Amino acid sequence: MAQDEKKLVIGSRESLLAVRQSEIVLDYLRRNFPQMQFELVTMKTTGDKILHKRLDEIGGKGLFVKELDQALRDRRTDLSVHSLKDLPAEIPEDLPVIGFSGREDPRDVLVLPENVSDISQMDLSKPIGTSSRRRILQAQELFPQARFESVRGNVLTRLRKLDEGQYSAIILAAAGLRRLGLENRISKVFSTEEMIPSAGQGILALQGRKGMDYSCLDGFVSAQSAIAAAAERGFVSSLGGGCTSPIAAHAEFGGFSDPGGFGTDVNPSGCESDTISAMTLRGFYYDEETCRIYRRKITVRAATPREGRAAGRELAAAVLAEAKSGKKG
């Protein structure tokens with residue numbers, strides 16, 4: 001959307017978290033383009049309506065974007081804001097991703113019931129709630145005595161089910177809790193080595209219509225997030241991973257390893273400094289045939305999304321070679 005055009009309409013899922021994420025983009029636009037008009041349109045997606053089944057049973061992540069995609073095509077909206085980890089692997093050519101926000105805290109966290117103050121007090125006669133096989137496979141190594149059951153619904157619904165006593169704990173993304181101002185509910189933060197996050201976790205993806213001018217967002221989007229997204233999604237796609245596959249990837253820059261200093265978006269626009277340096281990419285892959293988990297990492301210099309994608313494919317090739325070798329053995 002050019003700066004001199006009158007109005008831009010943003011489409012969002014109607015959950016509180018989705019709206020808050022869209023408001024991060026709206027806040028930036030309103031501050032920087034007071035001469036323009038902006039509107040937020042919310043809608044319930046198919047994935048929001050079907051809560052009694054796991055995503056892999058009902059069609060996967062595409063169910064969270066179907067209605068938003070149609071609104072873009074119908075020109076009822078001009079821009080969609082998504083959690084990148086919820087975007088399907090295949091993006092329609094007519095609805096390209098035009099950029100990515102700076103990354104919020106990418107880590108997974110354990111949340112205990114309100115009346116439980118310490119992990120040692122967890123009632124393991126009740127399950128840990130998570131609908132993600134990626135999280136279950138990694139959490140089983142951390143909590144070998146626990147059992148796991150699916151929990152669906154938005155963040156507030158999951159917290160309610162937890163506090164009502166249905167679960168001993170639930171596993172959520174730190175980014176969602178922080179964006180909702182609920183970081184006080186975090187009981188334990190898993191390092192990115194303990195639990196490799198979902199590809200794209202903590203990043204917002206901005207999706208638009210092909211041929212439309214979105215230069216008003218040039219100051220919002222993050223070059224570093226674009227590289228991380230390309231690397232992580234490149235790893236997943238190279239392993240044939242769709243929305244339900246227990247595959248994960250996470251890129252870190254500057255050689256840091258889980259510094260724990262995430263809190264909120266690094267500046268109000270959601271964009272961190274775009275200084276590009278060494279990138280460490282961690283990958284997680286579960287081989288359904290052998291029931292074996294593979295973890296590998298590489299450190300490379302990646303200054304463009306193309307180099308990030310190449311790193312993802314390189315790591316995926318190494319994991320596949322290891323898996324193939326294991327099958328021969």
Side-chain angles (χ1 to χ4, degrees), residues 82-93 95-107 134 175 191-193 196-208 210 214-215 217-243 245 247-259 261-262 265-267 269-285 294-324:
H82 303 286
S83 294
L84 177 56
K85 70 184 183 69
D86 290 337
L87 270 189
E90 298 297 324
I91 305 298
E93 288 188 12
L95 302 176
V97 173
I98 60 172
F100 305 93
S101 75
R103 190 167 222 160
E104 238 286 4
D105 188 336
R107 297 170 294 181
R134 169 191 66 83
S191 74
T192 56
E193 294 180 348
I196 298 176
S198 177
Q201 189 156 298
I203 297 174
L204 303 181
L206 311 182
Q207 188 175 21
K210 186 176 182 179
Y214 293 97
S215 57
L217 290 163
D218 287 350
F220 178 86
V221 298
S222 163
Q224 190 174 93
S225 289
I227 297 168
E232 294 165 16
R233 287 169 69 86
F235 175 81
V236 174
S237 63
S238 294
L239 289 170
C243 56
S245 301
I247 303 172
H250 179 64
E252 297 173 343
F253 292 87
F256 78 85
S257 179
D258 213 41
F262 301 99
D265 288 324
V266 178
N267 68 41
S269 74
C271 299
E272 81 287 356
S273 169
D274 281 333
T275 300
I276 308 300
S277 56
M279 179 183 75
T280 297
L281 179 64
R282 289 187 175 85
F284 170 93
Y285 173 62
Y294 296 90
R295 288 185 177 89
R296 289 184 73 94
K297 70 176 181 178
I298 57 172
T299 298
V300 299
R301 292 196 65 83
T304 66
R306 176 178 291 184
E307 292 175 348
R309 191 173 299 107
R313 291 171 177 168
E314 178 183 343
L315 184 60
V319 167
L320 285 174
E322 184 180 355
K324 185 176 180 180

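Keep in mind that the numbers below use all heavy atoms, side chains included, and drop hydrogens, waters and symmetry copies. None of these values were measured; they are calculated from a predicted model.
No side-chain heavy atom of V221 sits less than 4.5 Å from a side-chain heavy atom of Y214. Here the side chains of T192 and R107 are in contact, with some heavy-atom distance below 4.5 Å. Side-chain contact between R233 and L84: present, with at least one pair of heavy atoms (C-beta onward) separated by less than 4.5 Å. Under the 4.5 Å side-chain criterion, counting only non-hydrogen atoms from C-beta, E307 is not in contact with I227.
Between the side chain of R282 and the main chain of P197, no donor-acceptor pair closer than 3.5 Å is present. A donor-acceptor pair is defined here as one N or O able to donate and one able to accept, closer than 3.5 Å; no such pair exists between the side chain of T280 and the backbone of E252. One N or O on the side chain of Q201 and one on the backbone of P106 form a donor-acceptor pair closer than 3.5 Å. Not one N or O on the side chain of S83 forms a donor-acceptor pair closer than 3.5 Å with the backbone of D86.
In terms of heavy atoms, I91 sits closest to P96 at CG2-CA, 4.3 Å. G234 and R313 make their closest contact through O-CG, 4.3 Å (heavy atoms, listed as atom of the first residue, atom of the second, distance). Minimum interatomic distance between I196 and A248 (heavy atoms only, all atoms of both residues): O-CB, 3.6 Å. Here the closest heavy-atom approach between residue G102 and residue S222 is recorded as N-CB, 3.9 Å. When every heavy atom of R296 is checked against every heavy atom of A318, the shortest pair comes out as NE-CB, 3.4 Å. Of all heavy-atom pairs between A249 and F235, the closest is CB-CD2, 3.6 Å.
Counting heavy-atom neighbours within 6.0 Å of R306 CZ, excluding the residue itself, gives a total of 12 or less.
One finds the CD1 atom of I203 at 11.5 Å from the CD atom of E104 (value rounded to the nearest 0.5 Å). Interatomic distance, OG1 of T299 versus CZ of F253, reported as 11.5 Å (0.5 Å rounding). Annotation: the span from L95 atom CG to K210 atom NZ amounts to 10.5 Å, rounded to 0.5 Å. Atoms OH and CG, on Y285 and L315 in that order, are 13.0 Å from each other to the nearest 0.5 Å. With rounding to the nearest 0.5 Å, the separation of CD1 in I247 from OG in S237 is 9.0 Å. Note that CD of E232 is 8.5 Å distant from OG of S198, once rounded to the nearest 0.5 Å.
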